[in-house]
Protein chains: 2
Amino acid sequence: MSLTRIHNFSVSLDGFGTGEPQSAEAPFGHAGQRLHQWMMATRSWDPTGTAGVDDAFAERHDPGIGAEIMGANKFGPPGWQDDPGWDGWWGPNPPFHTPTFVLTHRPRPSIEMEGGTTFHFLEASPAEALETARAAAGGQDVRIGGGVTVVRDFLLAGLVDHMHLVVVPIVLGRGVRLWDGLEAVEEGFDVEAVSAPSGVTHLTFTRKTP
Amino acid sequence: MSLTRIHNFSVSLDGFGTGEPQSAEAPFGHAGQRLHQWMMATRSWDPTGTAGVDDAFAERHDPGIGAEIMGANKFGPPGWQDDPGWDGWWGPNPPFHTPTFVLTHRPRPSIEMEGGTTFHFLEASPAEALETARAAAGGQDVRIGGGVTVVRDFLLAGLVDHMHLVVVPIVLGRGVRLWDGLEAVEEGFDVEAVSAPSGVTHLTFTRKTP
């Protein structure tokens with residue numbers, strides 16, 4: 001059974017998954033790195049990092065994943081569609097190592113990177129994109145990689161089986177809200193919470209079996 | 001030193017401190033009792049209740065408090081000001097047992113209840129109300145009792161020394177947001193988080209010493 005999974009998705013106390021304005025210099029706007037410091041401090045990202053509960057969650061990002069779906073706002077800064085040479089933020093060897101489907105209203109030819117990542121560009125609904133990604137995932141799971149609106153769209157469509165959400169104790173005040181339109185979304189999930197010494201709280205949403 | 005404290009203040013994952021619409025039948029609107037179930041399940045509220053971390057926080061509500069400040073929206077349902085006999089939700093012996101200052105644009109004479117609670121009605125800024133409440137607190141602390149807008153106003157005014165906030169893993173979608181206008185409010189506090197087996201996460205905001 002191939003699951004649809006979200007990992008390491010961080011939001012502020014007021015529910016913002018990114019700050020504003022987003023740009024090439026500040027991919028998360030005024031949030032800077034504050035939403036992801038907990039993750040960058042783990043051994044999964046830094047060999048000298050922490051090895052506790054933050055790392056236990058962070059390292060679940062890759063295993064069992066056969067494809068990723070991401071939004072246009074994750075792939076590049078506003079306007080990347082106008083740059084025919086843009087191939088993502090991540091250099092020649094992106095950290096996905098699978099087929100990676102970028103949702104955009106302006107598809108372009110696929111780009112094969114080093115390390116197993118191939119970017120494909122799709123104009124598709126969440127359900128259509130998931131069907132395409134699942135076919136490419138070789139029986140493994142599909143990760144919804146963000147940004148905020150893509151996570152929200154997949155939750156709204158009822159397509160998420162597992163979501164690891166991280167509440168960071170900061171108040172961003174502005175940016176892109178995750179929860180808009182998602183009233184009572186928790187009713188479809190078993191939810192577990194565990195706080196970490198770093199100050200963040202990990203929430204695990206597991207889809208209820210019918 | 002008399003501190004200004006907030007206790008057991010519960011918000012949803014999307015930052016709402018109450019649902020809507022608020023009425024005599026549904027003081028928290030469509031939220032019902034969901035924001036406070038964790039508290040009502042503790043020994044502080046129910047002798048047969050739980051005695052763990054939820055209770056450890058819940059029972060800090062009263063000790064050391066000499067006065068409370070609450071907003072008009074906590075004292076009664078919309079329109080209570082038109083009912084000259086309204087004396088609160090809590091029956092003859094309210095759970096405050098101290099002078100209790102109700103912020104309202106339509107003050108009325110004070111009401112002395114059983115058990116040490118006297119309701120006083122004030123039209124005042126947060127700083128003025130705090131000065132009045134502190135004078136009545138006999139050297140003890142002042143509790144900011146809510147509702148949401150009063151907590152927000154006191155945070156905005158920089159008047160809060162200690163805040164116990166409880167994040168309940170539900171998405172309310174609508175109601176009254178706590179965090180509006182409070183960007184970066186956490187910078188003035190040391191923040192600690194601990195999740196409870198009940199599923200809620202307790203956040204303790206302690207004002208940084210200058």
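Per chain, numbering begins at 1; letters A, B, ... match sequence-line order.
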Contact class of [X] relative to chain B, heavy atoms under 4.5 angstrom:
X: A/Val167; result: side chain
X: A/Phe16; result: neither
X: A/Val194; result: both

Would you name the heavy atoms of [X] and [Y] that are closest together and state the gap between them?
X: A/Leu13; Y: B/Trp179; value: O-NE1, 3.4 Å
X: A/Leu172; Y: B/Glu183; value: O-CG, 3.2 Å
X: B/Ala193; Y: A/Ser195; value: O-OG, 3.4 Å

- Query: Mind checking what makes side-chain contact (heavy atoms from CB on, under 4.5 Å) contact with B/Glu20, not counting sequence neighbours?
  - Reply: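 For B/Glu20, the residues satisfying side-chain contact (heavy atoms from CB on, under 4.5 Å) (neighbours in sequence not counted) are B/His30, B/Arg174.
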
- Task: Name all residues meeting the side-chain contact (heavy atoms from CB on, under 4.5 Å) criterion together with B/Gln33; count only those two or more places apart in sequence or in a different chain, and write none if there are none.
- Result: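 By the side-chain contact (heavy atoms from CB on, under 4.5 Å) rule, B/Gln33 matches B/Met40.
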
Taking [atom1] in [X] as the centre, count heavy atoms belonging to other residues, nucleotides or ligands within less than 6.0 Å. Is the count above 12?
X: B/Trp45; atom1: CH2; value: no
X: B/Glu123; atom1: CD; value: yes
X: A/Glu192; atom1: CD; value: no

Between [options], which has the largest tally of heavy atom pairs under 4.5 Å with chain A?
options: B/Val185, B/Val11, B/Ile170; answer: B/Ile170
options: B/Val191, B/Thr201, B/Leu203; answer: B/Thr201
options: B/Gly199, B/Ala184, B/Gly15, B/Ala196; answer: B/Ala184

- Main-chain N/O of B/Val171 paired with A/Glu186 side-chain donor or acceptor, under 3.5 Å: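 Yes, the answer is positive, given that a donor and an acceptor are paired below the 3.5 Å cut-off.
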
- Query: Which atoms of B/Phe189 come close to chain A, meaning under 4.5 Å heavy atom to heavy atom: side chain ones, backbone ones, both, or neither?
  - Reply: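 Contact with chain A involves no heavy atom of B/Phe189 at all.
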
